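Data first, discussion second: the structure below is written as structure tokens.
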Protein chains: 2
Amino acid sequence: MRADAKKNYENILEVASVVVAKHGADASLRDIARRAGVGLGTLYRHFPTREALLEALLRAGFDELTAKARELETASSPDDALVSWLRDVIACAGNYQGVVAAMMAAMEDTKSALHASCVTMRTAGTRLLTRAQAEGLARTDMDGDDLFSLAAALAWLGDQPSSAPRAEHLFSIIASAILTNRASSDFRAQPPL
Amino acid sequence: MRADAKKNYENILEVASVVVAKHGADASLRDIARRAGVGLGTLYRHFPTREALLEALLRAGFDELTAKARELETASSPDDALVSWLRDVIACAGNYQGVVAAMMAAMEDTKSALHASCVTMRTAGTRLLTRAQAEGLARTDMDGDDLFSLAAALAWLGDQPSSAPRAEHLFSIIASAILTNRASSDFRAQPPL
DNA sequence: ACCTGAACACCGTTCAAGT
DNA sequence: ACCTGAACACCGTTCAAGT
């Protein structure tokens, strides 16, 4: 990649991060190009689709989540690992409002730039779920797809102004449905002293 | 209302029902006006905001749900009533994809044309929840807002192609978190023979 | 009273023309 | 190789002009 092209690429990404954080995943691409000081065609050259841009924005977070899943698989008890990872996935998707809808759409669209990342995410979650199920710590009538859907639903609730303030509580309710033999209060972000 | 105005009103509503059912709550208002054979200003006159149009589309279903809640309060056991009503609320919101996001936004916006309907809905749900809680059939660490949020999340999952096929199962998972002392299999749409 | 549609300020997407 | 921005076909919203 030529030096000027690389600079444009990184500039667009940086501006997009700010704009998408403020206006959500449906932010105007024109606006991003304008603020980045590049032509609209340049944005499209580097990011042929909106999903490609979102994927670039989310990549770092996704990589972290994948690493964290691997780490948790050996470092924590199966149920703590699952809950902790789930919370992080939801927090990651919550960085940019509206992105969770794009992720759900990408699950069904093999050609989406977000598809691979989402499948990787689901696979990592499935492993943590299976491990918890094997030890009788998670309900056995659900699979990785269900887990991914529930995580997405919680991320979506975090995007909605009317439910965002209760996001933690809603998380604990759903977590208590996934995990077995655990009190709902076990899933609070700050555990009681 | 003049006869011609009334005819326009009803015509718009009928066309909107078809278009919104097919293209979701973000369907083009221009398109609806065009198909209804009226000027764009006429649509805006009758429905000053998109929410006003959605409210008109949903009113019948909302009224049914309110009536059903009242009926269930005397006709069914508290837990069956709650689960049955919840399923109907979700089905109602699922008639037009994307409408659940508008409903969530309306909860926070007193001036929204959907606000009153949503509050009514939440109140009806709260009564059914409280009744179940009083008999020890529903978890006591949640309120009507939580119930509304969980119902909205399930409706949203029903809108997503990747989770829609598992909507029933996801419903049973969340229902099992709300109700106490009930097996998840109790919440299937078609009970086992 | 009610209706119409042009006008305005925006989009996403493509692509010929430039360097 | 890469960039630009005009061009096209759409939006939502408003409002002067018509009947």
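Everything numeric here is computed off the predicted structure, so don't read it as measured data. Throughout, a chain's letter reflects where its sequence line sits, starting with A, and its residues are numbered from 1.
Regarding B:Tyr44, its OH atom lies at a distance of 21 Å from the C1' atom of C:dA1, rounded to whole Å. The interatomic distance linking B:Arg35 (CZ) with D:dC10 (P) rounds to 13 Å, in whole Å. As a whole-Å value, the separation of B:Ile12 CD1 from C:dC2 C1' is 12 Å. Between the P atom of C:dG12 and the CG atom of A:Leu53 lies a distance of 11 Å, rounded to the nearest Å.
For D:dG12, one of the phosphate oxygens OP1 or OP2 lies less than 4.0 angstrom from a side-chain nitrogen or oxygen of B:Ser28.
Set against C:dC2, D:dG12, C:dT13, the side chain of B:Leu29 has D:dG12 as its closest nucleotide. Nearest to the side-chain atoms of A:Arg45 among the listed nucleotides D:dC2, C:dC2, D:dT4 stands D:dC2. Among the nucleotides C:dC8, C:dC2, C:dG12, the one closest to any side-chain atom of A:Arg30 is C:dG12. For B:Arg50, whose side chain is taken as the heavy atoms from C-beta onward, the closest listed nucleotide among C:dT14, D:dC2, D:dG12 is D:dG12. For B:Leu40, whose side chain is taken as the heavy atoms from C-beta onward, the closest listed nucleotide among D:dC3, D:dT13, C:dG12 is D:dT13. Taking only side-chain atoms of B:His46, from C-beta outward, the nucleotide of D:dC11, C:dA1, C:dC3 with the closest atom is C:dC3. Side chain of B:Val38, nearest nucleotide from C:dT4, D:dT4, D:dC2: C:dT4. Relative to the side chain of A:Arg2, the nucleotides D:dT14, D:dT4, D:dC2 differ in distance, and D:dC2 lies closest.
Among the atoms of the strands shown, none is found under 4.0 Å from any heavy atom of A:Ala3. Among the protein residues, A:Ala33 comes within range of no part of the nucleic acid, since none of its heavy atoms lies under 4.0 Å from any strand.
Both B:Asn8 and A:Arg34 sit near DNA chain C, but only B:Asn8 has its closest nucleotide nearer the 5' end.
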B:Arg59 and B:Asp63: salt bridge (Lys or Arg N to Asp or Glu O under 4.0 Å), yes or no, with the steps?
CA-CA 6 Å; B:Arg59 190 158 4 190; B:Asp63 288 347; 5.9 Å; no

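By the 30° and 60° cut-offs, the orientation of the rings of B:Tyr9 relative to B:His46 is perpendicular.
For the side chain to side chain contact (heavy atoms under 4.5 Å, CB included) criterion with B:Ile178, the lone passing option out of B:Leu137, B:Asp146, B:Leu147 is B:Leu147.
Side-chain atoms of A:Ser28 and A:Arg34 form no donor-acceptor pair, as typed in the model, at a separation below 3.5 Å. Under the 3.5 Å distance criterion, with hydrogens and angles disregarded, a donor-acceptor pair is assigned to the side chains of B:Ser17 and B:Tyr96.
Base pairing of D:dA9: no nucleotide in any strand meets the Watson-Crick or G-U wobble criterion (both distances under 3.5 Å). The nucleotide D:dA1 finds its pairing partner in C:dT19, both defining distances of the Watson-Crick or G-U wobble pair being shorter than 3.5 Å.
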